[in-house]
Amino acid sequence: MSSDIVKSLAPDLEILLNQRVIAITPTPENSWRLTLESSNEELTAQAIVIVIPAPQAVMLLEPLGDKCIGCSLS
């Protein structure tokens, strides 16, 4: 059901569900490189939405430090 909502809000975007991201890295092109746990595949995205519990979000975002614009980790 929630995937139907996402698809209706962003019909032209590629949406990946049920993928565990183990690293987020900024790129020189002002995008994000995501490393997936299952395949160690790296994806590049212009924007990301993080919808996970706060403790897991902190583990992913804390290494980014001040590169994480709009993030509040305190």
Side-chain angles (χ1 to χ4, degrees):
M1 173 143 185
S2 64
S3 65
D4 293 335
I5 295 169
V6 171
K7 289 176 186 175
S8 69
L9 293 172
D12 298 328
L13 297 179
E14 180 181 2
I15 307 294
L16 299 177
L17 302 174
N18 302 314
Q19 298 291 321
R20 183 176 176 152
V21 174
I22 57 173
I24 301 172
T25 311
T27 70
E29 299 81 25
N30 294 321
S31 60
W32 300 98
R33 183 167 297 115
L34 309 173
T35 305
L36 302 180
E37 180 183 56
S38 61
S39 61
N40 219 28
E41 179 182 1
E42 290 188 343
L43 306 173
T44 301
Q46 294 300 311
I48 54 176
V49 176
I50 299 173
V51 187
I52 56 175
Q56 288 88 347
V58 168
M59 289 189 306
L60 276 175
L61 300 175
E62 198 167 44
L64 297 174
D66 62 353
K67 295 178 180 126
C68 186
I69 297 170
C71 296
S72 176
L73 301 177
S74 56

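Just so it is clear, the structure is predicted and the values come from calculations on it, not from any experiment. Every heavy atom of this structure was used, including side-chain atoms; hydrogens, water molecules and symmetry mates were not.
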For a quick check under 3.5 Å, do Thr27 and Glu29 share a side-chain donor-acceptor pair by atom type?
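Present: a donor and an acceptor within the cut-off.
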For a quick test of reading the model, state the closest non-hydrogen atom pair linking [X] to [Y] and the distance between them.
X     : Y     : value
Leu60 : Pro63 : O-CD, 3.5 Å
Ala45 : Ser31 : O-CB, 3.2 Å
Ile22 : Glu37 : CG2-CB, 3.4 Å

State, with a plain yes or no, whether a side-chain heavy atom of [X] is found less than 4.5 Å away from one of [Y].
X     : Y     : value
Trp32 : Leu64 : yes
Leu36 : Val21 : yes
Ser38 : Arg20 : no

Same cluster or not: are Ile24 and Met59 linked, directly or through other Ile, Leu, Val, Met, Phe, Trp or Tyr residues, by side-chain heavy atoms under 4.5 angstrom apart?
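The answer is no; the residues belong to distinct hydrophobic clusters.
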Is there a continuous path of hydrophobic side-chain contacts, each under 4.5 Å between heavy atoms, that joins Ile52 to Leu34?
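Looking at the clustering, Leu34 is in the same group as Ile52.
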